[in-house]
Structures are given as structure tokens and as C-alpha cells.
Amino acid sequence: MKKIVFGFFIILEFTACKHSAKDPDVAIIKNETASKDDVSKETISDRHGDEMEIITNNTRDIVTVHLNGKTYELKKNHTTSGFSTEDNKYLYTETNNEVTLLKKDMDMVLFHGKKSQAETKMASQ
């Protein structure tokens, strides 16, 4: 009985190992998506402690804003000084060191914060 079981495993081993370890039908394709866009990422908090993440793509003039679990993609609006959405519901402005996100149809400020500046000391004369 042991010889029959042993013979069965030998036959099973030879029949199981007939295909090649490298399958010629499978090809590895490498997609290199190296972006040449000028992208910067920044997180700003307001006086209430809310944080807004801003991803700016200067090459395509797009700003992506993450605020309170929502994502807003805004494009450069050449008629105003800021960025706005396609449907013109939201307006993002960045002046000096202040950042504001407005909901235009309700005249409501969703976020207003100041960028942190590096402290610079002037030399005394």
C-alpha cells in the first residue's frame, strides 16, 4: 500500500511540474508617469483650528483644496484675481499671506486663514 501511495505522489509530481515558471504570455509593462508639472502642497490652519490642504499646480493653473472632508478643484479665473470652480460656486483667493475660500451664491466664507511666515530679523544700523 505504501508503494502505491508513493508511486502516486511520484506520478503527481512529474505531471504537476510540466509548465515553465516564467509564463511567456505575461509581459511586465512599466508606466512611467513622471509629471513635469510645478506642484506645491501646503496646509494652512485658521484661528479656529480648522485645517485646509492646498495643492497648487502652477503649470496647469489649478488649485485643489481639501477642507472638512470635501475636495474642491478650482481653475484660474482670468476675470478675477483668484481661482474658481467650473460652476462658479466657489472662489479661492490668495492675497499677501491670507487665504480665503468663499461660497459665492450664499456670500459665505468657508475658510479664512493666514500663511505662516518665516520670521526675519532686520539688522540694526
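Every heavy atom of this structure was used, including side-chain atoms; hydrogens, water molecules and symmetry mates were not.
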Out of I55, T59, T56, which residue meets the side-chain contact (heavy atoms from CB on, under 4.5 Å) rule with V39?
-> I55
Does atom CE of M108 have more than 12 heavy-atom neighbours, drawn from other residues, nucleotides or ligands, at distances under 6.0 Å?
-> yes
What's the shortest heavy-atom distance between F111 and E51, and which atoms?
-> CE1-C, 4.4 Å
Output for pair (Y92 OH, I54 CD1), nearest 0.5 Å, gives 3.5 Å
Please output the side-chain donor-acceptor pairs of residues 60-76 that fall under 3.5 Å, not counting sequence neighbours, one pair per line with the distance.
from, atom 1, to, atom 2, distance (Å)
R60, NE, D37, OD2, 3.3
H66, ND1, T71, OG1, 2.9
K75, NZ, E86, OE2, 3.1

Taking every heavy atom of D46 against every heavy atom of H112, the minimum-distance pair comes out as CB-O, 3.2 Å
Quick one: side-chain hydrogen bond (donor to acceptor under 3.5 Å, both in side chains) partners of E53, sequence neighbours excluded?
-> K41
With sequence neighbours excluded, what pairs up with L102 under the side chain to side chain contact (heavy atoms under 4.5 Å, CB included) test?
-> L91, T100, V109
